[in-house]
There are 2 protein chains.
Amino acid sequence: MAATIRDVARLAGVSASTVSRALSLPGMVNAATRARVAAAVEQLGYEPNRAARGLITGRTGTIGLVVPDLANPFFASLTKGVQARARRHDVAVFVADTDEDPTAESGLVRALSKQVDGVVLCSPRGSDEELAAIAQETTVVLVNRAAAGLPGVSYDNEDGMRQAVAHLVALGHRRIAWVGGPASSWSTQHRAVGLRNAVEALQVELAPVGNFAPTYEGGMAAADQVAATGATAVIAYNDLVAIGLLARLHSRGISVPGDLSVVGVDDIAMSRMARPALTTVRLPKQEAGRVAVELLLALLDDPDAASTTHGDLHGELIVRDSTGPAPLK
Amino acid sequence: MAATIRDVARLAGVSASTVSRALSLPGMVNAATRARVAAAVEQLGYEPNRAARGLITGRTGTIGLVVPDLANPFFASLTKGVQARARRHDVAVFVADTDEDPTAESGLVRALSKQVDGVVLCSPRGSDEELAAIAQETTVVLVNRAAAGLPGVSYDNEDGMRQAVAHLVALGHRRIAWVGGPASSWSTQHRAVGLRNAVEALQVELAPVGNFAPTYEGGMAAADQVAATGATAVIAYNDLVAIGLLARLHSRGISVPGDLSVVGVDDIAMSRMARPALTTVRLPKQEAGRVAVELLLALLDDPDAASTTHGDLHGELIVRDSTGPAPLK
DNA sequence: ATGAAAGCGCTAACAC
DNA sequence: GTGTTAGCGCTTTCAT
C-alpha cells in the first residue's frame, strides 16, 4: 500500500494538516518542521493522492485534449506539444480523437469535462453557438479557430498566405491557383481572405478551384482542375493536398516546378520527403499546443484573465524545390 | 454545481446507498426502486464523481499510454487505436510521450502509475529487468516487445520478413540487402532473425548493412552502403528508412525498382505517397492498440488471467511500385 | 431489499 | 505556526 499523509505525519511527529501545508503552502510552516516533513516524505516515498485532493479542491490536475484525428501528423505534433508542456506543470492529459466526426465533438468534450479542469479543443467544426455552449459548461481553449469571445490560439493565416504569394510573385508568377480545404473550416476561410488581399496588393490574379478534402486524395482530385486554370503556380490548403497534387501532376506529365510551382501549408515531416521537396508555410504545431496549455492553465488560475485570452502564431515560408530553383522563364 | 448521489437519493426518496447499488449492482435492488432511481438520475443528469468512487474502490477508470514519439505515424495510429477502444469501455487514457528518451521511460510509467489502473507501454527500450521492475509496481501491457513473462502484444516479425523475402525471390532477386534499425530495438533483432531464416530457406543471399536510426535520415545514410553491396533488392527496418533510401538512391541516379527494389515495414500513410509507391509489410497499428487495451482491462479484472497474456499480430505484404511492376531482367 | 454509519485520503476553516 | 474538526462524494460493511 502507498503511504498516506497520516503515515508521513506520524513519522514526522506532526499533524496531517501540517504535512499538507508543508507541501502546498511551504511559507506557512516553520523551516524546521518543514525539513522533518520533507525527510518523512522522502523516506516513505509519499506522493499525495490526487483523487483525494481533487475531491476537496475541485481541481483534478488534469486537462483534456480533443483532436479530430490523431493519425493526422498536424494533430499528432500538436498533441506532442500539449502533452510535453502539461507535464512540465505536472498536469496529466486525457486525449480524445473525434475521428473527424463533428457530431461527436461536443459530446466528447462534455464527457471529458467531468474528469478534467479544462479542455483544449482543436480545429473544432461545430458552430460558434455550440462552442459557446460548451464554454459555458467547462473551461475551454480553442486551437486553430477563433470564435467570438472564446480564448484560443490560432495562426495568422492571412500573413502566411501573403508570404506565399510574395514568394511566387517574386519568381515571376502572375496567375496563382488556390485549392481550398473544407468549406466549413475556419482556416480555409481565413486563408482565402489572406490570398485575396495578397493578390490584390501585388496586382496578380487568383484562380480558386473550389473546396476539397484536406487529404492526399483531395489533392489528386484537384490537380486536373488546377492544370486547367492556366495558372503557373498553385497554393494548396495544406501539405497533404499539395502532395496529392504533386502525385497527380506527375502522372499527367506536368513538371513541378518546371510547368507549375506548388506551395503547401503546415510543413509536416512528409513535405521534406516529397519529390520535389515541398515549399510550404510552416506552422508551429507543437508551439500551438504549448501556448494552448499555458493559456488554459492561466485561465484556470484566474478565470477572468481577459488580457491573455488569445494567442496568435505566425507561419514561416520554407522554400524548397517545388517552387524553384530557377525563376519562371 | 453537478448533482451528487444525495440529490438523487432525496429526489427518489431512498438512501444514498440504494442509489449507489442501483447503479453498480442493479440485481440487488427492487425493480420498482431501481426505476425511481433511474428517473431521478435522468432528471438531474447525475453522473457519479469518479474521483470519489476511485478513492474508495481503488480504481480510477483510467489507463496510461506511454509511447516513444507521438509524431511518429506508427505510434500516432497506435494511440488512436488505444484511445478508441478505451472509450468503448468508458475508460479514459492519459498519453505520455518519452521523446525517444529511454531514460525517461520508467520514470514516466511510475509517475503515471499513481493515477491510473494500468499502463500500456509501447516499444520500450529498457532492459528486461527494468520492465520487470515496473511490472512489479503496476499492471503493464507491453506493445511491440515481448519480455519474459510480461503480458503484451507484438508482431510476428519473422513471418513478415518471410513474406517480404518470398516476394523478392519470386521476382528473381538473389541477393537482398537489409538495413537494420537501432541495435537495441526488439523488433530489429527479430526482423533480422526472420530474415536469416527466410534467406536460408529460399537459398538466397542476405547482405546486412548495419544499424541505422529508424528515420528518413537513417535511410539516406544507409543508401550508399546498400548500393555498394551489389544487392538487387533491399529490405528496410521501416517505411521511414525505406523512404530515406528512395530519396538518396534517386539523387544518386539509381532507379527504383529498375536497378534496386525497395521494401519497407509498417505501411504508414506516407508510403502510398512515396515515389515510387512503397512495397511494405503492413502492420496493423490501431489493432495493436485495441488488443493492448483489451488485454490490460482483462488483466485488471482478473490479475492472473494467464491464458490471455500475450497477443501476436500478423503483418501483410502490400505490393506497390518500389518492387515492380516487372520482374528482374 | 434497504438504511445508517463509517471512512477512503486529503484540505480548509477554525481554534489555540 | 500548528492541531483539531469537519467534510468533499462515494461505496461498503453491518444492521434491520
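Chain naming here is simple, since letters A, B, ... match the order of the sequence lines and numbering starts at 1 in each.
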Quiz item: With the threshold set at 4.0 Å, does a side-chain nitrogen-carboxylate oxygen contact exist between Arg50(B) and Asp90(B)?
Solution: yes
Quiz item: In whole Å, what is the span from the CD1 atom of Ile5(A) to the P atom of dC8(C)?
Solution: 14 Å
Practice problem: Provide the full list of ring pair (Phe, Tyr, Trp, His ring centres under 6.0 Å) pairs with a residue in residues 108-135 of chain B, sequence neighbours left out, each pair given once. | Solution: none
Quiz item: Is Arg85(A) salt-bridged to Glu294(A), going by a charged N under 4.0 Å from an acidic O?
Solution: yes
Quiz item: Atom CE of Met28(B) and atom P of dT2(C): how far apart are they, to the nearest Å?
Solution: 10 Å
Just the table, please: protein N/O against nucleotides 4-8 of chain D N/O, every pair under 3.5 Å.
residue : atom : partner  : partner atom : Å
dT4(D)  : O4   : Ser17(A) : OG           : 2.9

Quiz prompt | salt bridge (charged side-chain N to carboxylate O under 4.0 Å, His left out) against Arg290(A), all qualifying residues, sequence neighbours excluded | solution = Glu287(A)
Self-check item: Among dT11(C), dT2(C), dG3(C), the one nearest Thr57(A) by side-chain distance
Solution: dT11(C)
Quiz item: Roughly, in whole Å, what's the span from CG in Leu25(A) to P in dT2(D)?
Solution: 13 Å
Exercise. Rounded to the nearest angstrom, tell me the gap between atom CG in Asp7(A) and atom P in dG9(C).
Key: 9 Å
Exercise. Whole angstrom is fine here: how far is it from CG in Asn49(B) over to P in dG9(C)?
Key: 16 Å
Exercise. Provide the full list of side chain to side chain donor-acceptor pair (under 3.5 Å) pairs with a residue in residues 68-78 of chain A, sequence neighbours left out, each pair given once.
Key: Asp69(A)-Lys80(B)
Quiz item: Does anything in residues 78-118 of chain A pair up under ring pair (Phe, Tyr, Trp, His ring centres under 6.0 Å), and if so which pairs, sequence neighbours excluded?
Solution: Phe94(A)-Phe94(B)
Quiz item: Once you round it to whole Å, what is the distance between C1' of dG9(C) and CZ of Arg59(A)?
Solution: 19 Å
Self-check item: Nearest-Å distance for atom pair CZ/P, residues Arg53(A) and dC8(C)
Solution: 18 Å
Practice problem: Give me the bend of the helix from dA1(C)-dT16(D) to dC16(C)-dG1(D), using the axes of the five pairs at each end, rounded to 10°. | Solution: 40°
Quiz item: Do Val66(A) and Val120(A) touch side chain to side chain, with heavy atoms closer than 4.5 Å?
Solution: no
Quiz item: Just how far, in rounded Å, is P of dC10(C) from NZ of Lys114(B)?
Solution: 12 Å
Quiz item: Side-chain N or O of Thr33(A) less than 4.0 angstrom from OP1 or OP2 on dG1(D)?
Solution: no
Exercise. Calculate, to the nearest 0.5 Å, the distance between atoms CG and CG belonging to Asp156(A) and Leu313(A) respectively.
Key: 9.5 Å
Quiz prompt | Worked verdict on Asp101(B) versus Arg125(B) for salt bridge (charged side-chain N to carboxylate O under 4.0 Å, His left out) | solution = CA-CA 9 Å; Asp101(B) 177 3; Arg125(B) 293 281 191 83; over 6 Å; no
Quiz prompt | Selection from dT11(D), dT11(C), dG9(D) that lies nearest to any side-chain heavy atom of Ser20(A) | solution = dT11(C)
